[in-house]
Number of protein chains: 2
Amino acid sequence: MATSLAEENYLKIIYRLSENTDQGVSTNAVAELAQTKAASVTDMLQKLAEKGWVIYQKYQGVRLTPSGQKIALSIIRKHRLWEVFLVEKLGYNWDEVHEIAEQLEHIESESLIQKLDEFLGFPDRDPHGDPIPTRDGKMADQIYQPLSEIKEKMDCVLMGVAKDAAVFLQLLTKLDLNLGAKITILEINSFDRSLQIQVNSAAPIFVSHEVAKNILVKA
Amino acid sequence: MATSLAEENYLKIIYRLSENTDQGVSTNAVAELAQTKAASVTDMLQKLAEKGWVIYQKYQGVRLTPSGQKIALSIIRKHRLWEVFLVEKLGYNWDEVHEIAEQLEHIESESLIQKLDEFLGFPDRDPHGDPIPTRDGKMADQIYQPLSEIKEKMDCVLMGVAKDAAVFLQLLTKLDLNLGAKITILEINSFDRSLQIQVNSAAPIFVSHEVAKNILVKA
DNA sequence: ATAAATTTTTAGGTAAGACTAAAAAAATAT
DNA sequence: ATATTTTTTTAGTCTTACCTAAAAATTTAT
């Protein structure tokens, strides 16, 4: 069945909100991410339920059916492949690609995505370290852990981010915290849980707990 | 001012229909290309006129204003650059790219098109030989002439096509009539104006006047 | 020049996807 | 346990872009 742009965006949002919980996703949470009003969300959830892409019961939140999940994953796959293209082939920085990929993810062509995937050398992570779902709708787990959970004195490598807001990514870039950066944790301050770290053996810097939570590393 | 997808398509269609004539473009002609009804076209023309993109007077047809033309050319520029990408980088054939480019042409990002243009090596023709408008909205003339206008015994090179319907392009491909093919006109049959030609020095073949009209060559 | 045919426009409606305001249900606090 | 607050839903509109049917203008044919 055909999916409209609005429907695809809702499914993607519901998917994202479902990742952390096995509860139904609340109307308000969806409204916030969709940048719309709760009343509009209710409307749309009813429509998505009719089409069989979500399970929705009044006041009980919403969850994706297998077919809804499949659609969401195909949008995410397209989004992430296009991000790889934008960074690897067109030379964008990792903080610049999100908006453009939001548009490109809705282009409809099976063959296009297959050929793009091949052109990019079948990448399995996007420029933010997020796994790219496979063609048959399987997505690898996020195997990396937040920097905030690494112990003092340990070494690790920056493999991804848990948040791709441009302001956050720009901060990381400014601190030389790029994909693949070698990080040594010198000290964790118990007061505010901020970290003193060394990036690529340069002079030590401080990062807040909030930042560390959103940096994903391989120990 | 922002342009919706529908508006962009109308402007593009009006541009195309204006290319051959300096008359206003008729409502019906637009309706046919837009695959919609004349009444819907009238609605839209009034809206486009309010926005200052077309000059429209009841029963008098429509023509683009400079700002409307600028929008149309930017859509055409995007369409053709994406076609180059699809053929040159992703390995599509020239008869497969039109539909996908119809979607990609509406992606909105100045920087994306600049970077794409650069990535492709600043091409000035698309895979069908059509000129790509420049960033500031200038489009080179179609400098090639139809094969149907070349004299007997002359040699020429296939530089483009005047029609990009898939069935036509597939026929050309089957006849080995690809971009750059060397064509020698052996004979023009006065009865039906069909041509006997030789392609890349292979065995002679016949093509109809209709086909010859839509093949663009450099003498 | 008038009649017939065609094209174009107007009028009135529909569906998608958003909105506001008000009502209803659920969650939280006293 | 009841009152208050918050969340969610319903009801009623709006805009965009399309539709059909009928009216009006234009073009073509006689």
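Within every chain, numbering begins at 1; the chains are lettered A, B, ... in the order of the sequence lines, protein sequences first and strands thereafter.
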Please check the phosphate of [N] (OP1 and OP2 only) for any side-chain N or O of [X] closer than 4.0 Å.
| X | N | answer |
| --- | --- | --- |
| B:N28 | C:dT8 | yes |
| B:T27 | C:dT9 | yes |
| A:Y56 | D:dT8 | no |
| B:Y59 | C:dT6 | no |
| A:K58 | D:dT8 | no |

Base, sugar-phosphate, or nothing for [X], non-hydrogen atoms under 4.0 angstrom?
| X | result |
| --- | --- |
| A:S40 | base |
| A:A38 | base |
| B:T36 | sugar-phosphate |

For [X] and [N], give me the distance from atom [atom1] to atom [atom2], rounded to whole Å.
| X | N | atom1 | atom2 | result |
| --- | --- | --- | --- | --- |
| B:Q57 | D:dA25 | CD | P | 15 Å |
| B:K37 | C:dG12 | NZ | C1' | 17 Å |
| B:Q23 | D:dT26 | CD | P | 15 Å |
| B:E32 | C:dT7 | CD | P | 11 Å |
| A:L45 | C:dA16 | CG | C1' | 15 Å |
| B:E8 | D:dT16 | CD | P | 16 Å |
| A:Q35 | C:dC19 | CD | C1' | 15 Å |
| A:Q46 | C:dA16 | CD | P | 13 Å |

A:W94 and A:H128 aromatic ring geometry - parallel, tilted or perpendicular at 30°/60° bounds: parallel

Derivation of the side chain to side chain contact (heavy atoms under 4.5 Å, CB included) call for A:L147 and A:V217: CA-CA 6 Å; A:L147 178 61; A:V217 299; 4.2 Å; yes

Polar side-chain atom of A:Q103 near backbone of B:E108 as donor-acceptor pair, under 3.5 Å: yes

Pairs satisfying salt bridge (charged side-chain N to carboxylate O under 4.0 Å, His left out), at least one member in residues 122-137 of chain B, at least two apart: B:R80-B:D126

Proximal nucleotide (of C:dA18, D:dC18, C:dT9) relative to the A:D43 side chain: C:dA18

Given C:dT10, D:dT26, D:dT9, the nucleotide with the shortest approach to the side chain of B:Q60: D:dT26

Enclosure of B:E19 CD (heavy-atom neighbours >12, cutoff 6.0 Å): yes

